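In what follows, a single structure is set out as structure tokens and then discussed.
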Amino acid sequence: GAVVSQHPSWVICKSGTSVKIECRSLDFQATTMFWYRQFPKQSLMLMATSNEGSKATYEQGVEKDKFLINHASLTLSTLTVTSAHPEDSSFYICSLQGSTDTQYFGPGTRLTVL
Amino acid sequence: QQPVQSPQAVILREGEDAVINCSSSKALYSVHWYRQKHGEAPVFLMILLKGGEQKGHEKISASFNEKKQQSSLYLTASQLSYSGTYFCGTEIGGKLIFGQGTELSVKP
């Protein structure tokens, strides 16, 4: 299966600042990656589909100007939370679809906005 | 569009069995099952691709009824390590949409 890493594992930032989260595919070239957000005790909610070399596709209700996604290479997608606020505090997880339709998840990034 | 899981939570004694159900109002082409421990990312359990398919690994198995748009996950002789939140996921337009999760607690 594919190995996915995320960086950082956790981040604490002040309200109003921007935070960048990296998602790397270590052994698989991924033209498509997915970004999920999970609030405590809730399910994983798909935020956007990251497409290599083109614009990301955002789910309904997700602000594309607030959650900037860049997928510049087949192994790296980044999610930038701009002007973060406490309500953006969450667990952000990326994933990619492997060759057998299985989705492989990164370990997640816990964002806390003070 | 989100698949519906039941029950929402279940508490078991070690060695007992459990069934977690997942149903969808839309046609299902595949069902994915994941387990998530607190504070960690989901871990893939299995994927069922065909109607009527059943799969299993050790004491965890699943079935997929395409006509009923349902899937069930069976955990037999549960172990403490089975504790966690189980999610089913259904593919819609190439995207994986998760159910709300079933929290499973296995007590000694």
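On a predicted model such as this, the values are computed, not experimentally measured, just so you know. By convention in this document, chain letters (A, B, ...) are assigned in the order of the sequence lines, proteins followed by strands, and residues within each chain are numbered from 1.
Of all non-hydrogen atoms in A/Leu96 and A/Thr32, the two that sit nearest each other are CB-O, 3.9 Å. Taking all atoms of both residues into account, the shortest heavy-atom contact from A/Met33 to A/Cys23 is SD-SG, 3.9 Å.
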side-chain contact (heavy atoms from CB on, under 4.5 Å) assessment of A/Lys41 paired with B/Glu103: CA-CA 9 Å; A/Lys41 299 282 187 181; B/Glu103 189 171 358; 4.0 Å; yes
side-chain contact (heavy atoms from CB on, under 4.5 Å) assessment of B/Val19 paired with B/Asn21: CA-CA 6 Å; B/Val19 180; B/Asn21 299 303; 3.7 Å; yes
Evaluation steps, side-chain contact (heavy atoms from CB on, under 4.5 Å), between B/Leu49 and B/Tyr29: CA-CA 6 Å; B/Leu49 295 174; B/Tyr29 301 102; over 6 Å; no
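By a heavy-atom distance cut of under 4.5 Å, B/Gln2 are the residues of residues 2-12 of chain B near chain A, going up by number. Listed in order of number, the residues of residues 32-41 of chain B that approach chain A to under 4.5 Å between heavy atoms are B/His32, B/Tyr34, B/Gln36, B/Gly39, B/Glu40, B/Ala41. Using a 4.5 Å cut-off between non-hydrogen atoms, no part of residues 69-80 of chain B approaches chain A. Identified by a heavy-atom distance below 4.5 Å to chain B, contributing residues of residues 60-67 of chain A are lacking entirely.
In the model, A/Gln103 has a side-chain atom that pairs as donor or acceptor with a side-chain atom of A/Ser95 under 3.5 Å. Side-chain atoms of A/Trp35 and A/Thr49 include no donor-acceptor pair closer than 3.5 Å.
Neither the backbone nor the side chain of A/Gln6 comes within contact range of chain B, judged by heavy atoms closer than 4.5 Å. Only the backbone of A/Gln42 comes within contact range of chain B, with at least one heavy atom under 4.5 Å from a heavy atom of that chain. With a 4.5 Å cut-off on non-hydrogen atoms, A/Leu44 touches chain B through its backbone and its side chain both. With a threshold of 4.5 angstrom between heavy atoms, B/Phe87 approaches chain A through side-chain atoms but not through N, CA, C or O.
Between A/Leu68 and A/Thr82 the shortest side-chain heavy-atom distance falls below 4.5 Å. Residues B/Thr85 and B/Leu104 form no side-chain contact, since every pair of their non-hydrogen atoms from C-beta on lies 4.5 Å or further apart. Under the 4.5 Å side-chain criterion, counting only non-hydrogen atoms from C-beta, A/Phe28 is not in contact with A/Leu74. With contacts defined as side-chain heavy-atom distances shorter than 4.5 Å, the pair A/Glu59/A/Arg37 does not qualify. A/Asn70 places none of its side-chain heavy atoms less than 4.5 Å from the side chain of A/Ser77. Between A/Met47 and A/Tyr92, some side-chain heavy-atom pair lies under the 4.5 Å cut-off.
The environment of B/Glu16 atom CD is dense: over 12 non-hydrogen atoms of other residues, nucleotides or ligands sit within 6.0 angstrom. By the 6.0 Å contact criterion, CE on B/Met46 is enclosed, its count of non-hydrogen atoms from other residues, nucleotides or ligands being greater than 12.
Between B/Phe98 and A/Tyr36, the ring planes lie perpendicular to each other; the angle is over 60°, past the 30° to 60° tilted range.
A salt bridge links A/Glu22 with A/Arg24; the closest basic N to acidic carboxylate O contact falls under 4.0 Å.
Side-chain atoms of A/Ser90 come within 3.5 Å of backbone atoms of A/Gln38 as a donor-acceptor pair (strictly under, hydrogens ignored).
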